[in-house]
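Working notes for the structure below.
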Amino acid sequence: MTTAPAPVTVTVAPSTSPSTSSSSSSGVEATTATLQAVVDADRNAMEGFDGMWVPQLSSKKSGTVDNGTVYDASSIYRHYESLVSGETNVRMLWSGDWSVYRESDYWVVVAGEGFATAAGANAWCDARGFPADDCFAKRLSHTAGPAGSTELRSS
């Protein structure tokens, strides 16, 4: 009888992303530079997830329409902030930095926890009660292609 290896979970300390550069409460509108600053602040932490599965919470670009909202830099940032306020360890990446994304121009929000399996990342989503469409497993890589890098949850 063969036993499966124990799941591996990696957690990176919560982000120190620049949340003061813009927020809806301050009345200052976020720009693409604000989003890029978050990605830059999270870049080193995200490198530790190369080859691992992470829970993906959002992917948007300017012009994305979701639940009646047409997203621009400010609304993408507000959505990111809402996810940060609900979770202790949320990161943002740029899809163009990772070869597993078919499109290279999305701001992607993930949980700052990596798993050895897609099932581990999806269990994270389940444990936090995220709807299936709002949280699923994504394998991050700089060298692998998109095929097999996404594991959706059933509704």
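Count residues from 1 along the sequence. Side chains included, hydrogens not; waters and symmetry mates left out as well; all remaining heavy atoms used.
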Sorted by chain and number, sequence neighbours left out, side chain to side chain donor-acceptor pair (under 3.5 Å) with S82 holds for none
So CD of Q56 and SG of C125: to nearest 0.5 Å the spacing works out to 9.5 Å
dist L140:CG -> L93:CG (nearest 0.5 Å) comes out at 6.0 Å
**Study point:** Flag, side chain of S58 to backbone of V108, donor-acceptor distance under 3.5 Å
**Key:** no
| Does the N122 side chain pair with the main chain of E151, one donor and one acceptor, at a distance under 3.5 Å? | yes
Smallest heavy-atom separation, M46 atom then R91 atom, equals SD-CB, 3.4 Å
- Consider only side-chain N and O atoms of D66 and T69, and report whether a donor and an acceptor are under 3.5 Å apart. no
(Q) For V90 and V109: C-alpha separation, side-chain torsions, deciding distance, then whether side chain to side chain contact (heavy atoms under 4.5 Å, CB included) applies. (A) CA-CA 7 Å; V90 173; V109 181; 3.1 Å; yes
The salt bridge (charged side-chain N to carboxylate O under 4.0 Å, His left out) partners of R43 (sequence neighbours excluded) come to D40, D97
Quiz item: Taking the side chain from S99 and the backbone from A144, do they hold a donor-acceptor pair closer than 3.5 Å?
Solution: yes
Looking at R153 and P131, would you say the former's side chain and the latter's main chain have a donor-acceptor pair under 3.5 Å? yes
Practice problem: Would you confirm whether S104, through its side chain, and G96, through its main-chain N or O, come within 3.5 Å as a donor-acceptor pair? | Solution: no
In this structure, CH2 of W107 is separated from OG1 of T34 (nearest 0.5 Å) by 9.5 Å
Taken to the nearest 0.5 Å, the spacing of I76 CD1 from E81 CD works out to 13.0 Å
CG (L35) and OH (Y80) are apart, to the nearest 0.5 Å, by 9.5 Å
Can a donor-acceptor pair be found, under 3.5 Å and without considering hydrogens, that links the side chain of R139 to the backbone of T150?
no
Ring pair (Phe, Tyr, Trp, His ring centres under 6.0 Å) pairs touching residues 136-155, sequence neighbours excluded, are W98-H142
Q.
Can you classify the ring geometry of W124 versus F130 as parallel (below 30°), tilted (30 to 60°) or perpendicular (above 60°)?
A. parallel
Flag, side chain of N89 to backbone of G112, donor-acceptor distance under 3.5 Å: yes
CD of Q36 to OG1 of T31, rounded to nearest 0.5 Å, is 10.0 Å
*Is K138 close enough and on-axis enough to Y101, meaning under 6.0 Å and within 45°, for cation-pi?*
yes
